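Remarks on the structure that follows.
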Amino acid sequence: MRIVIAKDYEDLSRKAAHVIAGQLIMRPDTVLGLATGATPLRCYELLTHMAEEKLVSFRQCKIFNLDEYYSLSPENPQSYGYFMKQHLFSRVDILPENTFIPNGLAENIAQECQAYEDLIRRAGGIDLQLLGIGRNGHIGFNEPDVSFEAFTHLVALDQDTIQANSKFFNTREEVPKTAISMGIKTIMQARGILLLASGAEKAETVYQMVYGKISPDVPASVLQIHPNATVLVDEAAGQRLQEMQNKVL
Ligand code: GLP
């Protein structure tokens with residue numbers, strides 16, 4: 001696990017955008033896994049600027065998103081499908097047929113999950129997976145106690161996640177209670193992982209992810225055994241890591 005501590009949110013976003021841009025330049029037909037949430041927003045904005053300036057192109061790449069709320073259609077402004085269109089897909093030159101996100105309206109959930117895994121496999125697997133982290137240590141929507149063996153599946157959201165994500169809804173009651181998410185196994189099979197965390201409220205979770213026991217209690221802790229994972233945090237989210245490094249020195 002590589003740890004990079006950026007100065008602040010802007011610096012973190014710039015560094016993340018550069019990693020993704022670098023991947024697109026080295027391998028234009030790359031397969032990216034992307035995340036939603038507030039953390040990657042500025043990174044996506046910087047990527048749209050780079051695409052406008054023709055520094056990068058998404059024309060040949062494929063993008064698979066981590067997760068989608070169950071029961072929300074992509075036309076619903078609260079859905080992750082809508083989020084991705086609004087913040088990235090409609091603003092860069094990616095082909096719509098090369099963007100993938102679990103279908104939140106699927107009637108046969110097991111079939112939808114299997115089909116999503118098949119699509120990832122047929123694309124050749126994910127080259128670079130971008131992740132955020134929930135306050136409870138979730139990645140994608142893999143909440144504490146998830147099986148590390150799970151592929152894409154239906155998950156029940158934790159109360160803490162519902163509370164945290166209610167910032168995107170008018171009321172807490174509107175937040176869906178379930179979602180379809182890539183599983184830990186899907187995420188671990190990505191060839192590279194870049195996890196972003198910003199702000200002091202993530203500091204303890206980031207510390208547990210990096211130095212804690214590898215355990216489903218903190219799903220992101222599994223990244224300690226990924227062969228090519230980078231954790232990119234700002235100083236606020238990394239404050240406990242720095243304390244630890246000072247101790248070691
Ligand atoms: C959601 C998403 C995650 C994301 C997390 C953190 O629950 N499913 O993929 O990483 O929120 O979000 P934020 O970046 O807003 O803190």
Side-chain angles (χ1 to χ4, degrees), residues 20 23-24 27 29-37 40 58 60-74 76 79-85 88-89 94-134 137-158 161 176-196 214 216 218-230:
I20 295 171
Q23 179 73 26
L24 286 165
R27 207 177 143 199
D29 63 346
T30 199
V31 180
L32 296 175
L34 293 185
T36 52
F58 289 76
Q60 295 179 52
C61 84
K62 288 195 171 75
I63 293 179
F64 286 87
N65 260 83
L66 276 170
D67 45 18
E68 179 59 284
Y69 287 115
Y70 188 62
S71 78
L72 296 194
S73 88
N76 185 317
S79 73
Y80 285 166
Y82 192 96
F83 176 105
M84 290 308 296
K85 251 184 238 145
L88 191 70
F89 300 161
I94 188 151
L95 301 173
E97 61 268 33
N98 285 343
T99 64
F100 304 89
I101 190 155
N103 176 7
L105 297 179
E107 278 173 24
N108 187 330
I109 296 169
Q111 206 173 62
E112 172 63 20
C113 294
Q114 187 56 54
Y116 203 60
E117 288 292 328
D118 292 345
L119 281 169
I120 293 172
R121 222 146 283 146
R122 247 179 278 139
I126 293 170
D127 293 308
L128 176 64
Q129 176 68 55
L130 185 71
L131 296 174
I133 184 167
H138 76 220
I139 46 178
F141 267 134
N142 292 282
E143 302 284 31
D145 291 334
V146 70
S147 159
F148 283 170
E149 294 303 309
F151 286 98
T152 299
H153 63 309
L154 184 76
V155 294
L157 304 185
D158 262 18
T161 300
K177 310 285 176 289
T178 53
I180 297 178
S181 177
M182 281 186 198
I184 295 289
K185 199 88 177 195
T186 325
I187 293 170
M188 287 296 279
Q189 287 184 346
R191 284 181 277 275
I193 289 181
L194 177 63
L195 183 142
L196 309 182
I214 301 173
V218 180
S221 64
V222 74
L223 300 176
Q224 290 178 32
I225 53 168
H226 190 281
N228 184 19
T230 301

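Model, not experiment: these values are computed from the prediction. Hydrogens, waters and symmetry mates are skipped; everything else that's a heavy atom, side chains included, is used. Each residue takes its place number in the sequence, starting with 1.
Distance alone, capped at 3.5 Å, is enough to place a donor-acceptor pair between the E143 side chain and the D158 backbone. Listed for the Q189 side chain is no donor-acceptor partner under 3.5 Å among the backbone atoms of G125. Looking only at distances, a side-chain donor or acceptor of E112 sits under 3.5 Å from a matching main-chain atom of N103.
Within the 4.5 Å cutoff, no side-chain heavy atoms of L128 are placed close to those of T30. K177 is not listed as a side-chain neighbour of L157, based on a closest heavy-atom distance of 4.5 Å or more. Proximity of M188 to L223: side-chain heavy atoms (C-beta onward) are separated by under 4.5 Å at one or more points. Two residues are said to be in side-chain contact when any heavy atoms from C-beta on lie closer than 4.5 Å; I126 and I120 meet this criterion. Counting heavy atoms from C-beta outward, I187 and H226 have side chains that stay 4.5 Å or more apart. Two residues are said to be in side-chain contact when any heavy atoms from C-beta on lie closer than 4.5 Å; T186 and Y116 fail this criterion. Residues L154 and C113 fail the side-chain proximity criterion, which asks for heavy atoms closer than 4.5 Å. By the 4.5 Å heavy-atom criterion applied to side chains, L66 and T36 are not counted as neighbours.
For the pair F151 and K185, the tightest heavy-atom approach, listed with the atom from each and the gap, is CZ-CG, 3.3 Å. Contact between F148 and P216 at its shortest, heavy atoms only, is CZ-N, 3.5 Å. Taking every heavy atom of both residues into account, A123 and F64 meet most closely at CB-CE1, 3.8 Å. Closest heavy-atom contact between M182 and N142: O-ND2, 2.9 Å. Minimum heavy-atom separation, I139 to G132: CG2-O, 3.6 Å. Across every non-hydrogen atom of A35 and P40, the tightest pair is O-CG, 3.7 Å.
Annotation: the span from I20 atom CD1 to L130 atom CG amounts to 4.5 Å, rounded to 0.5 Å. F89 CZ to F83 CZ: the interatomic distance, rounded to the nearest 0.5 Å, is 10.0 Å. We find the CG-CD distance between L32 and Q129 to be 9.0 Å, quoted to the nearest 0.5 Å. Rounded to the nearest 0.5 Å, atoms OH (Y80) and CZ (F141) are 3.5 Å apart. To the nearest 0.5 Å, the span separating CG on D29 from CG on L24 amounts to 10.0 Å. Rounded to the nearest 0.5 Å, atoms OH (Y69) and CG (L105) are 15.0 Å apart.
Side-chain atoms of Q114 and D118 form a donor-acceptor pair, as typed in the model, at a separation below 3.5 Å.
Applying the salt bridge (Lys or Arg N to Asp or Glu O under 4.0 Å) test to K85 and every residue at least two apart in sequence or in another chain returns nothing.
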Decide side-chain contact (heavy atoms from CB on, under 4.5 Å) for I94 and I63; before the verdict, give the C-alpha distance in whole Å, the side-chain angles of both, and the deciding distance to 0.1 Å. CA-CA 9 Å; I94 188 151; I63 293 179; 3.4 Å; yes

side-chain contact (heavy atoms from CB on, under 4.5 Å) for H153 and V146? Distances and angles first, verdict last. CA-CA 11 Å; H153 63 309; V146 70; 3.9 Å; yes

Start with the C-alpha gap between S71 and T178, add the side-chain angles, then the distance that decides, and say whether side-chain contact (heavy atoms from CB on, under 4.5 Å) holds. CA-CA 8 Å; S71 78; T178 53; over 6 Å; no

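In E97, the CD atom is crowded: over 12 heavy atoms of neighbouring residues, nucleotides or ligands sit closer than 6.0 Å.
No cation-pi contact links R122 to F100, judged by a cut-off of 6.0 Å to the six-membered ring centre and 45° from its axis.
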